[in-house]
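Predicted model only: the values in this text are computed from it and were never measured. When a ligand or atom number is given, it counts from 1 through the structure's own listing order.
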Amino acid sequence: MKFTPDTVIKRDEITRYYANGRDFIDDELIERQLEAARNPDPARVRDILAKSLAIQTLEPAETALLLHVSDPELRREMEEAALKIKRFVYDNRIVTFAPMYISSFCVNRCRYCGFSSENDLLKRRCLTMDEIKAEAAAMTGRDGHKRVMAVFGEHPISGAEFIAQSLEAIYSVNVKTRHGTSNVRRINVNAAPMSIDDLKIIQKGGIGTFQVFQETYHHKTYADMHPAGTVKGDYGWRITAMHRAFDAGIDDVGLGVLFGLHDWRFEVMGLVTHARELERFRGIGPHTFSVPRLHPASGSEVSSNPLDDFTDDNFKHAVTVLRLSVPYTGLIVTARESPELRDACVDLGITQMDASTRIGIGAYAAQAGQEIDEQQFLLGDPRTLEELICDLARRGIITSFCTAGYRCGRTGGCIMDSLKTGKEGTFCKINAVLTFREWLDDFASPASVKICEPVIKAELAAIQENYPKFYPQILDRYNRICAGERDLYF
Ligand code: SAM
Ligand code: SF4
């Protein structure tokens, strides 16, 4: 089947989610809310922070006020509240993953992306199932990754059946390590919006989070960036992608925007409005927000000319406001950004980071230097997973490889409730220790073990103090991992 708007888009799977014939992003309303929020009253801002600290989703008008805070003292209070919330909901841990770019074929012509069908400079490639397995073996065997974000262009060559088979291929790989084995245990997917029937197909392949970035919530900018007549040119098909995911039975979804295309405050408002719409629709908010920022991509002029008001300071402001506005949602800052900026964002409440990242197709299994001409854009943080883990450990932060929530059915509404009440943090703390022990024994150098061991000891001591009755059971699994058993969790 050719991929054109007529063959891909199911009009009734858009309009059924509309109210009064239109989508839920009202540009003029957002602009009015932002305008009305200029010069916020500090007392009002502090009331809003109290609401965030009670783990309640903010109203868009409240988010707008936070976006306009410029007083350094108030910004500092916001950042402190953001970190407190992160600690309450997610404890002091960071979850790591790595993207696996599987196919660069694409029918769309997004003006910022190196995969655009108009980019003749790109050597396109779609991995075979054997090549996908080789990628999985390299990622999990060399660096010790347990979570993968599988990324696909939109093209008949990488349709729903292909995506499902790719997931099965990745899950099938299990490699021997120093003291045990390693395998990918959770695969999230970043792909184009799909019909409900296609989403049911990829759900059967074992998808973790389904990620679709809106790129920009601003209708006119969206139309400028995505030419009419392409599949992606249809704003309505994209803005309703997660409603269809829920109706297909996928209750774990990730939202994002590509910062640098339109006013950053507007985009944060868009993300929060989208989260609230999903809460309204199904009682389940997004599992994650991603905040990619436009980076130079081959063949794209737009990508080298992002809006210049989205400075690093505004990036941090956006991350802080997202943490405060939707307190239970995970926040991902990818290796597109510099190490300094990513490290600063750890204290503002981010929960997931990628490392040892390669974004060329087949780049993990390739020889060094081979991937460069196939990349979608350029990376800002070249740290290996081991380097990132040690940097975090020096700050007392534990890296978690936990994938238990999804495999124990703690997803969707169920996980939202336990996140909001701080209960999920309990499981996560325990599973973080168990999975970190595995990683240290299988992959860390002696120097890294020395840096990381105090963190794991401190976490174990905290578990013993907080859950004395449960502790013997936890210790039993911990000791079994030390003896070479793998993939034990609660
Ligand atoms: N084709 C699918 C889609 O468009 O949703 C998914 C794959 S696409 C490669 C994944 C994401 O990469 C896009 O949603 C976009 O936000 C991001 N991206 C594209 N071009 C970029 C650039 N120049 N800099 C940073 N991120 C970019
Ligand atoms: Fe294709 Fe996605 Fe790139 Fe657009 S952003 S050109 S849809 S891969």
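- Aromatic ring orientation, Tyr222 versus His226: tilted (interplanar angle from 30° to 60°).
- Using a 4.0 Å cutoff on heavy atoms, Ser116 counts as a contact of ligand 2.
- Although no hydrogens or angles enter the test, the distance criterion places no donor-acceptor pair under 3.5 Å between the side chain of Ser103 and the main chain of Cys126.
- When Arg111, Glu215, His155 are ranked by how near their heavy atoms come to atom 13 (C) of ligand 1, first place goes to Glu215.
- Salt bridge Asp198/Lys10: absent, no basic N to carboxylate O contact under 4.0 Å.
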Worked check of salt bridge (Lys or Arg N to Asp or Glu O under 4.0 Å) between Arg395 and Asp391: CA-CA 7 Å; Arg395 298 164 68 181; Asp391 284 351; over 6 Å; no

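- Not one N or O of Cys113 is nearer than 3.5 Å to an N or O of ligand 1, by distance alone.
- Using a cut-off of 2.8 Å, one finds that Cys113 contributes an N/O/S atom close to atom 3 (Fe) of ligand 2.
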Using the ring pair (Phe, Tyr, Trp, His ring centres under 6.0 Å) rule, take Tyr217 and His274 through it: C-alpha gap first, then chi angles, then the decisive distance, then the call. CA-CA 9 Å; Tyr217 283 93; His274 200 164; 5.7 Å; yes

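- Atom 1 (Fe) of ligand 2 does not have Cys110 among its coordinating residues (no N/O/S atom, backbone or side chain, under 2.8 Å).
- Contact check on Asp251 versus Arg282 returns no salt bridge, with no Lys/Arg side-chain nitrogen under 4.0 Å from an Asp/Glu carboxylate oxygen.
- Summarising the geometry, atom CG belonging to Asn108 is positioned 7.5 Å from atom OG belonging to Ser117; distances are rounded to the nearest 0.5 Å.
- On a distance-only criterion, Ser303 and ligand 1 share no N/O pair closer than 3.5 Å.
- The pair Arg109-Glu118 meets the salt-bridge criterion, with a side-chain N (NZ, NE, NH1 or NH2) lying under 4.0 Å from an Asp/Glu carboxylate O.
- Taking the side chain as every heavy atom from C-beta outward, Met129 and Ser166 approach each other to under 4.5 Å.
- Residue contact check: Ala191 has heavy atoms under 4.0 Å from atoms 2 (C), 5 (O), 6 (C) of ligand 1.
- Less than 4.0 angstrom separates some heavy atom of Lys232 from each of these atoms of ligand 1: 3 (C), 4 (O).
- Between Arg238 and ligand 1, an N or O atom pair is found at a separation short of 3.5 Å.
- The distance from the CZ atom of Arg185 to the OH atom of Tyr171 is 12.0 Å, given to the nearest 0.5 Å.
- Remark: ligand 2 atoms within the under-4.0 Å shell around heavy atoms of Cys106 are 1 (Fe), 6 (S), 7 (S), 8 (S).
- When heavy-atom distances to ligand 2 are checked against a 4.0 Å cut-off, Lys232 comes that close only through its side chain, counted from C-beta outward.
- Listed by number with element, the atoms of ligand 1 under 4.0 angstrom from any heavy atom of Ala297 are 23 (N).
- Counting atoms of ligand 1 from 1 in the listed order, those under 4.0 Å from a heavy atom of Val151 are 7 (C), 9 (C).
- The shortest separation from a heavy atom of Asn190 to ligand 1 is under 4.0 Å, placing the residue in contact.
- Less than 4.0 angstrom separates some heavy atom of Arg293 from each of these atoms of ligand 1: 24 (N), 25 (C).
- The salt bridge (Lys or Arg N to Asp or Glu O under 4.0 Å) pairs that include a residue from residues 312-334 are Arg75-Asp313, Arg293-Asp312, where partners are two or more places apart or lie in different chains.
- The distance from ligand 1 to the heavy atoms of Phe152 drops below 4.0 Å at these ligand atoms: 1 (N), 2 (C), 6 (C), 7 (C).
- In Phe213, the part holding a heavy atom less than 4.0 Å from any atom of ligand 1 is the side chain.
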